[in-house]
Amino acid sequence: MDSRRPKKTRPPKGNLEKNSGKGDERKGLDMGSSTAGFSRSTSVVDSGDTGPTYHKKAKDYEPTLGPSCDNDYVQLLKKMEISIRKWLILSTAFWPLVCPKDIPLTLGGIFPMSGSWAGGVACKPAVMMALEMVNNRPDILPRYHLNMQYNDSQCMPGLGTKVLYQLLYDKPTKIMVLSGCSSVSTFVAQAANMWNLIVLAYGASSPALSNRERFPMFFRTHPSATVHNPTRVKLFKHFKWNRIATIQETQELFTSTIEDLEKRVKEAGIDIAVRQSFLTDPTNAVRNLKRQDARVIVGVFYEDMARRVFCQAYKEKLYGKKYVWLIIGWYPDNWYRTRDDRHNCTVEQLEEALEGHLTTEAVILHQENTTTDVGMMPQEFTQRLNKELNTSDPSLITGYPEAPLAYDAVWALAFALNKTANKLAEKGMSLEQFNYSNKEIAQEIYSAMNSTKFLGISGNVAFSSQGDRIARTQIEQMINGTYHKLGYYDSLADNFTWFGTDRWIGGKPPLDHTHVIDHLRVVSKTLYFSMCALAIVGILAGAFCLIFNYRNRQRRCVAFSQPNINSLTVLGCMSCLACIFLLGLDGKFVSPDVYPLVCQIRAWVLSLGFTLSYGSMFSKIWTVHQLTTSRKKDRKGVQIWELYTVLAVLLVLDVGVLSAWQVLDPLKRELEVFAQEDPTDTEEDIQLRPQLEHCNSENLSVWLGVLFGYKGILLIFGIFLAYETRSVKLKQVNDSRFVGMSIYNVVVLCVITAPISLIIGNQQDATFAFVSLAIILCSFLSLGLIFVPKRDGQEVRSLTDSLVSREEEERHLRMVSENEQLKKQIAEVISPFLSPDETVPLLSNTSIHANAITATTTVIVKPASASQDGDLLSEHGTRYQLDDGIIPVDGNSDSGLASWSLTKSSKTSASDSEPFC
């Protein structure tokens, strides 16, 4: 209070009604009343203001006036316990008589009354209402009267700048400037700084205006377009969306908004996975969102583009329970129903695509029907504004939604100037001393504006360090074609109010991306157990063969087939069959830690089992080949140690390679990852990432090359030996022919299985089935060919005799031809013993009988008559004693003739005197 001012005459007392103020205590200017997110003091402005301080009860309030007016009137009112509302009425009535506002302060106004956004149509009346209210308030600028000079900018930057210069150069001096749309405010704010003028905008939302370096003296009551971003980030956290996508129209307003959003989500640990923009046609941008699996999509674009975006979203099926869109909320509620020839979707299609989308919008009208700090309730303001505009449908008036912002803009500058007046009074200065070169007063006004906070018609009014309006935002969702409020967010107090009324297609919020679940491909249980059952049958058959081999070891057919080597063959086959159990062991049976051990055991069992089974047969066929290719005088029979030596060499080679492999480069578990797949048994928003376990090592190809190399050579050599000895029969290895046939089968199956299993290695069922069947076939054929013929010797002979190959048929034809030649030779030998008269009849009556030519038969030459000098032929012999010599006939010879000899050999081959088994 300034004591230098002379005291005013106290007005006469009147009969004023006493009122405890109970009914009006919520209607006062208590800054701590129910305004969410604000911690307000009890005064209209901060401490130091010259305005009165109001308390919740009338008997406690103590109006404190500035130094320019006397306090006698205040003391009078203080003695009267009246309500705040009545105090305001009385103050308004009596104040001009006590302390008139006779010092004018002029404001500059730039209103877009026409043009692309004619917001001044509704905002200018709201500004005039606010000026009237401020000038009638005794507690606000008690000595000053606010005036305004204004002009139309048509929302054009050039014209707006011209209007600014007119305001600057026309008297009187303007202490502050009000501006409208963003484009005009951008130029006005940059220029006004040169004249130390504060610019306060009520309709500018461009994020570019938040740049304090470019616009150091700029404030706005209209929230920046970036005010939606804190709310969006809060929603992302609320629904646990960590991956989002953005699509924007290429405009400076939206580009700045998305840039700000990127900074905020980065700080929150949220990833913008997809970024799309478009200038005139959103088709490709929407398609890219679909292609890149965008689920949570933030869209910023004007209303007309919004209809085209969602039309394309409908065509791309970019909506529904898997998707959610977050768009700007300042479109009209029925914006998608507006007729637009630039898209070809119906209203119903757009409504289907928009179902469930979210909007964020700044709250620009106080939601509670209580008296605000500007002395008016929102409902009263709306009624007065509608009366000023003379309209029953305010939605038709351009700028109507921004009218509360324009109204509060006047109150914001009034509170700031009121605080500045107090600060200047302490320095012996006043507001009327302001001029365009006075930086000190301009700085005081800036500081006061920066700290201004109050509850206005548009809600809580406060400014950030960038001059932006700090406002609450509301979240709405379209449900069945109608927008429903879901909650509010106050970024200043970080107060998030959620009603929980959100509804989603599918019953729950969509996921921010398709959840990918690792799916381990394993062998089918049916296939696995089927192969295992066949393997068990094979193992049981092998056990039966071992028992048979042991019990019949004294039988001639078993004893002469090297039963010990046969037992090793059986053990090898059983080991290979047992490996089938290991081949099917994967993630469904063993853990990842145990799997490398399974790999090692699998390699050892299969390799050693193959060597035992095939190596045993190879050693037998090797021995047979050695005996048949050596000279008769060098033959010493079959030495059992030779068989074991060959097998031992092969086993040692296997053990050496496997040991080096396991020590130097052990097998480990490796996952092969395939392209993602959609599940067939669920509608959840998930995809499967197939994985397949493999046994692998760093130099796997080298080790497999070594194993396959020497085993491949062994297979080739084995089939060569089997071919060479295909017709050989030895008493000591009487099953050599069947061993050769087993080798044929093993080689063929191995040559087919090895490369194919490598090619189809990424198909677990096919690989397992192919390898298992190859093992089973090899084992069953080998066991069957070696042991089935040994059940009965006669059956063996019959089986052997019935195995007539193409080569034997050719041999038979050759023998028929040779027999014809033999007839002629015999006729020439016999002809000297016949009389000349009997030559022709004898030759004609001579007959040569050739029985069935097999390995155990002899060609019998029988003439029609015999000489009395001696028998020409012994029916059971193999030689014929003639005067001129001996013609031996050997049924085992390819030519039908045996070697020439003077005496009959006392020894015959095993094939001539012994049955096969």
Side-chain angles (χ1 to χ4, degrees), residues 105-128 130-131 146-170 173-212 214-225 252-253 256 362 364 398-399 401-414 416-417 436 442 445-446 449-450 452 458 461 463 466-469:
L105 293 177
T106 305
L107 306 175
I110 303 176
F111 295 95
M113 305 303 295
S114 59
S116 60
W117 181 69
V121 174
C123 291
K124 187 174 74 68
V127 168
M128 296 307 173
L131 287 174
L146 294 180
N147 301 316
M148 175 173 284
Q149 291 181 3
Y150 60 88
N151 209 333
D152 181 14
S153 69
Q154 299 181 16
C155 204
M156 297 173 62
L159 183 57
T161 306
K162 179 182 178 181
V163 172
L164 173 66
Y165 289 141
Q166 289 177 348
L167 294 173
L168 290 175
Y169 291 110
D170 291 344
T173 300
K174 312 304 183 296
I175 195 168
M176 294 182 71
V177 176
L178 285 178
S179 66
C181 54
S182 297
S183 58
V184 173
S185 298
T186 300
F187 287 87
V188 169
Q190 282 182 302
N193 179 48
M194 304 300 177
W195 280 266
N196 296 312
L197 276 174
I198 297 292
V199 176
L200 180 59
Y202 54 84
S205 63
S206 172
L209 291 168
S210 301
N211 189 340
R212 266 288 178 245
R214 292 178 59 192
F215 314 103
M217 306 289 282
F218 177 79
F219 294 87
R220 52 182 165 184
T221 55
H222 193 295
S224 168
E252 189 275 337
L253 169 65
S256 301
I364 55 178
T398 305
E402 288 76 19
L405 303 176
Y407 183 85
D408 285 344
V410 175
W411 280 98
L413 63 87
L417 291 175
Y436 297 140
I445 298 175
Y446 173 85
M449 180 66 74
N450 204 38
T452 297
S458 62
V461 179
F463 303 102
Q466 288 80 29
D468 292 335
R469 165 75 179 275

By side-chain hydrogen bond (donor to acceptor under 3.5 Å, both in side chains) - contacts of Ser185 (at least two apart) = Ser179
Looking at Val199 and Ala192, what are the two nearest heavy atoms and their distance?
-> CG2-CB, 3.4 Å
Partners passing side-chain contact (heavy atoms from CB on, under 4.5 Å) against Cys181 (at least two apart in sequence or in another chain) | Trp117, Cys155, Ser183, Val184
Minimum side-chain heavy-atom gap Leu168-Leu197 below 4.5 Å | yes
Identify, with sequence neighbours excluded, every residue that meets side-chain hydrogen bond (donor to acceptor under 3.5 Å, both in side chains) alongside Asn450.
-> none
For the atom pair OG (Ser182) and CG (Leu209), what is the distance rounded to the nearest 0.5 Å?
-> 6.0 Å
How many angstroms lie between CG in Asn147 and CG in Leu105, if you round to the nearest 0.5 Å?
-> 8.0 Å
Measuring from Asn193:CG to Trp195:CH2, what's the distance to the nearest 0.5 Å?
-> 10.0 Å
Going from CD on Gln154 to OG on Ser114, what distance comes out if it is rounded to the nearest 0.5 angstrom?
-> 4.0 Å
Approximate separation, where rounding is to 0.5 Å, of Leu146 CG and Thr106 OG1 | 9.0 Å
Closest non-hydrogen atom pair between Ala412 and Leu200, with its separation | CB-CD2, 4.3 Å
Nearest heavy-atom pair of Ala122 and Pro125: which atoms, and what distance?
-> O-CD, 3.4 Å
Not counting sequence neighbours, which residues clear side-chain contact (heavy atoms from CB on, under 4.5 Å) with Val121? List them please.
-> Ala118, Ile397
Worked verdict on Ile445 versus Ile175 for side chain to side chain contact (heavy atoms under 4.5 Å, CB included) | CA-CA 9 Å; Ile445 298 175; Ile175 195 168; 3.9 Å; yes
Step through the shown structure and confirm whether more than 12 heavy atoms of other residues, nucleotides or ligands are within 6.0 Å of OH on Tyr446.
-> yes
Do you know the tightest heavy-atom contact between Pro401 and Pro404?
-> O-CD, 3.3 Å
State, with a plain yes or no, whether a side-chain heavy atom of Val163 is found less than 4.5 Å away from one of Val188.
-> no
Residues 173-182 vs salt bridge (charged side-chain N to carboxylate O under 4.0 Å, His left out), sequence neighbours excluded, gives none
Are side-chain heavy atoms of Leu413 and Leu107 found at a separation under 4.5 Å?
-> yes
Between Tyr202 and Ala406 the two heavy atoms that sit nearest each other are CB-CA, 3.6 Å
Flag yes if more than 12 heavy atoms outside Phe463 fall under 6.0 Å of its CZ atom; otherwise flag no.
-> yes
Please examine the side chains of Met449 and Met176, heavy atoms only from C-beta on, and report whether any two atoms are closer than 4.5 Å.
-> yes
Show me the donor-acceptor pairs, under 3.5 Å and distance only, between side chains in residues 214-225 and residues at least two apart or in other chains.
unit_1 : atom_1 : unit_2 : atom_2 : d
Arg220 : NE     : Asp468 : OD1    : 2.9
Arg220 : NH1    : Ala204 : O      : 3.3
Arg220 : NH1    : Ser206 : O      : 2.8
Arg220 : NH2    : Ser206 : O      : 3.1
Arg220 : NH2    : Ser210 : OG     : 2.9
Arg220 : NH2    : Ser224 : OG     : 3.3
Arg220 : NH2    : Asp468 : OD1    : 2.8
Thr221 : OG1    : Leu405 : O      : 3.0
Ser224 : OG     : Thr226 : N      : 3.1
Ser224 : OG     : Thr226 : OG1    : 2.9

Compare all side-chain heavy atoms of Met148 with those of Leu178 and state whether any distance is below 4.5 angstrom.
-> yes
Any chance the side chains of Asp408 and Ser458 put a donor and an acceptor closer than 3.5 Å?
-> yes
Steps toward side chain to side chain contact (heavy atoms under 4.5 Å, CB included) verdict (Leu164, Ile110) | CA-CA 7 Å; Leu164 173 66; Ile110 303 176; 4.2 Å; yes
Apply side-chain contact (heavy atoms from CB on, under 4.5 Å) to Met113 and list each qualifying residue two or more places apart in sequence or on a separate chain.
-> Phe111, Lys124, Asp152
Results of side-chain hydrogen bond (donor to acceptor under 3.5 Å, both in side chains) for Tyr407 - residues two or more places apart only | Trp411
